[in-house]
Amino acid sequence: MRLATWNVNSLRARIDRVEAFLQRHDVDVLALQETKAREDQLPLMGLQSLGYEVAAAGYSQWNGVAILSRVGLDDVEVGFPDMPTWGDPAAAEARAIGATCGGVRVWSLYVPNGRKVDDPHYAYKLDWLARLRDAATSWTDTPTALVGDWNIAPQDDDVFDIGAFAGSTHITPAERAAFAAFVEAGYADVVRPHTPGPEVYTYWDYYRQRFERNRGMRIDFVLGSPPLAARVTGAFVDRDERAGTGASDHAPVVVDLDLD
DNA sequence: ATGGTAGTGGGACTA
């Protein structure tokens with residue numbers, strides 16, 4: 001089974017790219033973030049004609065997560081147990097959706113950005129991650145994939161210039177500890193072993209020609225429970241998807257699983 | 001400290 005995650009930065013603006021991506025890589029399950037579409041603006045018929053079922057937690061303008069699957073899509077759950085709903089509950093629910101696809105529990109996650117370290121959104125981000133970790137701790141015995149935009153760069157090599165991020169979110173010790181807590185709970189970054197070396201990014205800002213100069217960040221991850229991680233046979237970042245006009249600012253991350 | 005670009009929706013906000 002081929003599983004992918006992609007912060008698409010508007011599903012409707014990029015539906016042609018999404019369909020091309022699914023076909024180019026023969027993807028079975030795609031977790032999307034920043035769909036920027038309400039549920040009544042979905043599903044998109046083109047995806048269904050390609051054989052994909054759609055589960056979405058929508059919110060107009062910002063956020064929105066979805067899961068597309070052509071290997072079954074069962075037990076859809078919007079939000080995780082005890083998820084904090086600071087601010088607009090609808091916006092909170094548009095950050096996490098879970099579904100069982102082909103025997104794998106997939107969670108499409110859009111971790112709160114955090115804005116600035118002195119912003120209330122930063123405390124919300126840490127609280128959100130801690131509660132997700134608490135919920136995820138009880139899922140480690142089953143094949144579970146926590147995928148999406150984590151808005152955390154766990155290592156200094158995961159940003160183009162660590163010096164430029166001094167005092168910024170995404171690289172603080174507290175955020176990195178929140179990420180590490182998932183690893184301590186048993187989840188593994190299943191992509192990094194297949195993408196060795198520095199400067200393997202998943203996100204490049206639109207401005208200042210950051211992609212052309214490869215000044216990016218690695219903030220999109222697939223974390224697998226032990227039963228899932230044991231079945232990973234390969235992974236890659238579809239860097240080419242970020243090139244050209246009309247691209248999302250994030251590249252898709254693809255993982256292959258041997259479920260036999 | 002600011003602004004650069006993109007998306008939504010048709011202004012201001014988010015990233």
Set of side-chain contact (heavy atoms from CB on, under 4.5 Å) partners for A:E77, sequence neighbours left out: A:P81, A:R105, A:W107
Atom OH of A:Y59 and atom P of B:dA15: how far apart are they, to the nearest Å? 11 Å
Suppose you measure atom C1' in B:dG11 against the same atom in B:dG7; what distance do you get, rounded to whole Å? 14 Å
For A:R242 and B:dA6, give me the distance from atom CZ to atom C1', rounded to whole Å. 10 Å
Pairs under 3.5 Å (N/O, protein and nucleotides 7-10 of chain B):
| unit_1 | atom_1 | unit_2 | atom_2 | d |
| --- | --- | --- | --- | --- |
| B:dG7 | OP1 | A:R14 | NH1 | 3.0 |
| B:dG7 | OP1 | A:R14 | NH2 | 3.3 |
| B:dG7 | O3' | A:S10 | OG | 3.2 |
| B:dT8 | OP1 | A:S10 | OG | 2.3 |

Is A:K116 paired with A:D118 through a side-chain N to carboxylate O contact shorter than 4.0 Å? no
Give A:Y110 one of three labels, base, sugar-phosphate or nothing, depending on what nucleic acid heavy atoms sit under 4.0 Å from its own. sugar-phosphate
Using the C1' atom on both, measure B:dA6 against B:dG10 and round to a whole Å. 16 Å
Any ring pair (Phe, Tyr, Trp, His ring centres under 6.0 Å) involving residues 229-260 of chain A? Give me the pairs, sequence neighbours left out, ordered by first then second residue. A:H25-A:F236, A:Y203-A:H250
For nucleotides B:dA15 and B:dG4, find the distance between their C1' atoms and express it as a whole number of Å. 13 Å
Linking Ile, Leu, Val, Met, Phe, Trp and Tyr through side-chain heavy atoms less than 4.5 Å apart, which residues share a cluster with A:W62? A:Y59
Between the side chains of A:K36 and A:N9, is a donor N or O closer than 3.5 angstrom to an acceptor N or O? yes
Gap in Å between the two P atoms, one belonging to B:dT5 and one to B:dG9, rounded: 22 Å
With DNA chain B as reference, determine whether A:Y207 or A:D249 sits nearer its 5' end, using the nearest nucleotide of each. A:Y207
Residues passing the side-chain contact (heavy atoms from CB on, under 4.5 Å) test with A:R70, sequence neighbours excluded, are A:D26, A:D28, A:Y52
Measure from CG on A:D119 to C1' on B:dT14 and round the result to the nearest Å. 12 Å
By nearest-heavy-atom nucleotide on DNA chain B, the more 5' of A:N113 and A:K116 is A:K116
Distance, rounded to the nearest Å, where A:H170 contributes NE2 and B:dT14 contributes C1': 12 Å
Rounding to an integer number of Å, can you tell me how far A:D149 CG sits from B:dA15 C1'? 10 Å
Tell me: CG of A:N151 to P of B:dT14, nearest whole Å? 14 Å
Rounded distance in Å - NZ (A:K125) to C1' (B:dA15): 12 Å
Atom-pair distance (CE on A:M217; P on B:dA15), nearest Å: 14 Å
Could you work out, with side-chain contact (heavy atoms from CB on, under 4.5 Å) as the rule, every residue matching A:D82, not counting sequence neighbours? A:R131
